[in-house]
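Atoms within a ligand are numbered from 1 in the order they appear, just like the ligands themselves. Just so it is clear, the structure is predicted and the values come from calculations on it, not from any experiment. Note that these values count all heavy atoms, side chains included, but never hydrogens, waters or copies made by symmetry.
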Amino acid sequence: MTAPYSPPVITSELGRSGEASAARNSLSHGLRTTHTDRIEGVSVEGLVEKFGSPLFVFSERVLRDSARRARKAFESVYPNTVFAWSYKTNYLGAICNVLHEEGWIAEVVSDFEYQKARRAGIPGRSIIYNGPHKPRHSLERALSEGAVVQIDNWDELGLIEAIVAERAEPVNVGIRIWVDTGLAPVWSKFGFALGNGEARRAAQRIISNPRLKLHTLHSHIGTYILDPKAYAVTADRILALRDHIEAQTDHLVPCINLGGGFPSNSVLHGLPDYSVPSIEAYAAAIAGVLNKLPRARRPQLRLESGRHLVDEAGWLITSVVAVKGADRAGATDLSAVNAKASLVLGEHARGGYVVDAGINLLYTAAWYRIGVTPARASNLPPNAVRLYGCLCMNIDVIRESVDLPPLEVEDRLVLHPVGAYNVTQSMQFIAFRPAVVLIGVDGRAEVIRKREELVDVESCEMVPTRLVRRESSL
Ligand SMILES: *Cc1c(COP(=O)(O)O)cnc(C)c1O
């Protein structure tokens, strides 16, 4: 029998990328694809045996390393920096506590997150409270507990003025400001506009109120910002506003907060080859602006990083449950089947795999080309296949095209990086959300969120008495 011939396949994904992915092309050198049989030294198969599939896996070491590197990057060029952990990026208690142990305070964007941080034992003074909707009761609590509330809009400012009207002691507040740095898209949904003087007017109104102290000028320009210069531009504009406010009111705002938005090493769909700048490059860009000030005028710098710290610390293990798109009678080589079928059906002919996780667990798959590697080594040539999730929705595709060697049902795939946003944005839709484990620095894997069961999902449901089924009439 002759070996099946695999024609060179230029996938649409490979076509968009350059040399980096050419190295992944089976025809460029050898026939090997990389595989991931271990995460932090722990066997993928062993993890699935013990905790089930799919399974989120986090590494405490990676998380601590990225936190320490970020701290060093900023403190070595700008010592007066305070780091806040963006809860919404991943608010599992164990993950937050690792960062709190590393000295990160909490940055929350809703009443729910505020409650979560307080329940974790974080004092109000170590919470930064952002977000476009902070209910009155939540503002009352946060202001009385000493959190810095970063005011988003005029209505919220009015509400805060009403809440503090009876107070004897003034409270610290900040304002969120949106800045056009020249990068698109401009995030104009949040905060007061810098460009038309709105932020200046809000600052003046706060300073003229004896019960409010303007503590922070804040701007979070977006997420996954690939150009460190955007932060330099923002810092520069915010400092100019600070000077202006001081000239008019004599109040020198003590703190500026440049939000989060530093990228992880995940890759956006549809962008040509690019490299992600290091965290040190962002620190240099920001410090370069702040350090121009005379020492006594330098503000405290606050940062609210999320994605950058946790994305690489998270993996998702998923299992193949079906092989699609090829009549596999006797054919283990999907590419040979695909090559013929694609002449007739084009893109739709592409073979694929259905796995036991879907976009309900991988919301970020819409924006990022999540990395996929098989857990088992293979010498067979990789083919471009589609990776389908397990939801009953046609749009549930994790990767439109990814090069994988032929796989069988029960083969495991390891998806990475997925540590940012996927757990917090996961949806409970037709399936139980999976367990999450944390591999400690000692290499021990422990459950930090158990796999959901029917009782968890139904625990908030109420069936009116008249609808309680007593006997089966069906
Ligand atoms: C989401 C968010 C962050 C964190 O953003 P990343 O891009 O994950 O670093 C920081 N600040 C605010 C106000 C946010 O909404």
Side-chain angles (χ1 to χ4, degrees), residues 63 66-67 69-71 73-74 81-92 95-96 99 104-114 116-117 126-134 142 147-153 156 173-179 181 183 185-192 199 216-228 230-231 234-235 238 255-266 268 276-279 281-283 285-286 301-314 363-364 366-368 417-425:
L63 191 56
S66 55
R69 180 170 165 184
R71 177 179 288 284
F74 280 92
T81 306
V82 170
F83 301 86
W85 166 237
S86 156
Y87 262 45
K88 76 171 186 294
T89 311
N90 188 323
Y91 43 61
L92 289 170
I95 300 288
C96 293
L99 287 154
W104 258 246
I105 64 170
E107 185 267 334
V108 303
V109 292
S110 67
D111 181 49
F112 159 77
E113 288 192 348
Y114 188 84
K116 215 161 180 314
S126 300
I127 300 177
I128 300 169
Y129 193 175
N130 284 308
H133 172 49
K134 312 176 187 85
V148 173
V149 173
Q150 309 211 116
I151 302 170
D152 182 82
N153 56 65
E156 190 172 279
V173 294
I175 50 171
R176 177 150 182 183
I177 299 163
W178 68 266
V179 179
T181 62
L183 282 187
V186 179
W187 278 21
S188 59
K189 169 176 171 179
F190 307 101
F192 300 94
T216 303
L217 300 175
H218 168 263
S219 191
H220 171 67
I221 54 176
T223 193
Y224 200 82
I225 304 293
L226 286 171
D227 188 354
Y231 289 90
T234 308
I238 298 277
C255 173
I256 74 164
N257 182 331
L258 295 178
F262 308 128
S264 61
N265 282 317
S266 52
L268 280 174
V276 173
S278 67
I279 193 68
Y282 292 86
I286 293 169
L301 170 65
R302 289 188 169 194
L303 299 168
E304 305 164 340
S305 208
R307 177 187 305 286
H308 168 78
L309 296 172
V310 76
D311 209 15
E312 269 86 42
Y363 200 74
T364 63
W367 293 276
Y368 298 95
V418 300
Y421 295 101
N422 289 302
V423 171
T424 43
Q425 292 178 334

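Tested against Arg307 for a side-chain hydrogen bond (donor to acceptor under 3.5 Å, both in side chains), the candidates Thr223, Thr89, Thr364 yield a single pass: Thr223.
For the side chain to side chain contact (heavy atoms under 4.5 Å, CB included) test, residues two or more places apart in sequence or in another chain that qualify with Ala230 are Thr181, Leu183, Ile221, Ile225. The side chain to side chain contact (heavy atoms under 4.5 Å, CB included) search around His218 returns Asn130, Gln150, Arg176, Thr216, His220, Asn257, Glu304, not counting sequence neighbours. A search for salt bridge (charged side-chain N to carboxylate O under 4.0 Å, His left out) contacts involving Glu156 returns Lys134, not counting sequence neighbours.
Ring centroids of Tyr129 and Tyr114 are separated by less than 6.0 Å, placing the two rings close together.
Using a 4.5 Å heavy-atom threshold, the side chains of Tyr87 and Thr424 count as separate.
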Could you list each N/O atom of ligand 1 together with any protein N/O atom closer than 3.5 Å, one pair per line with the distance?
from     : atom 1 : to     : atom 2 : distance (Å)
ligand 1 : 5 (O)  : Tyr421 : OH     : 3.4
ligand 1 : 7 (O)  : Thr223 : OG1    : 2.5
ligand 1 : 7 (O)  : Gly261 : N      : 3.2
ligand 1 : 8 (O)  : Arg307 : N      : 2.8
ligand 1 : 8 (O)  : Tyr421 : OH     : 2.5
ligand 1 : 9 (O)  : Gly261 : N      : 2.8
ligand 1 : 9 (O)  : Gly306 : N      : 2.9
ligand 1 : 11 (N) : Glu304 : OE1    : 2.7
ligand 1 : 15 (O) : Lys88  : NZ     : 2.6

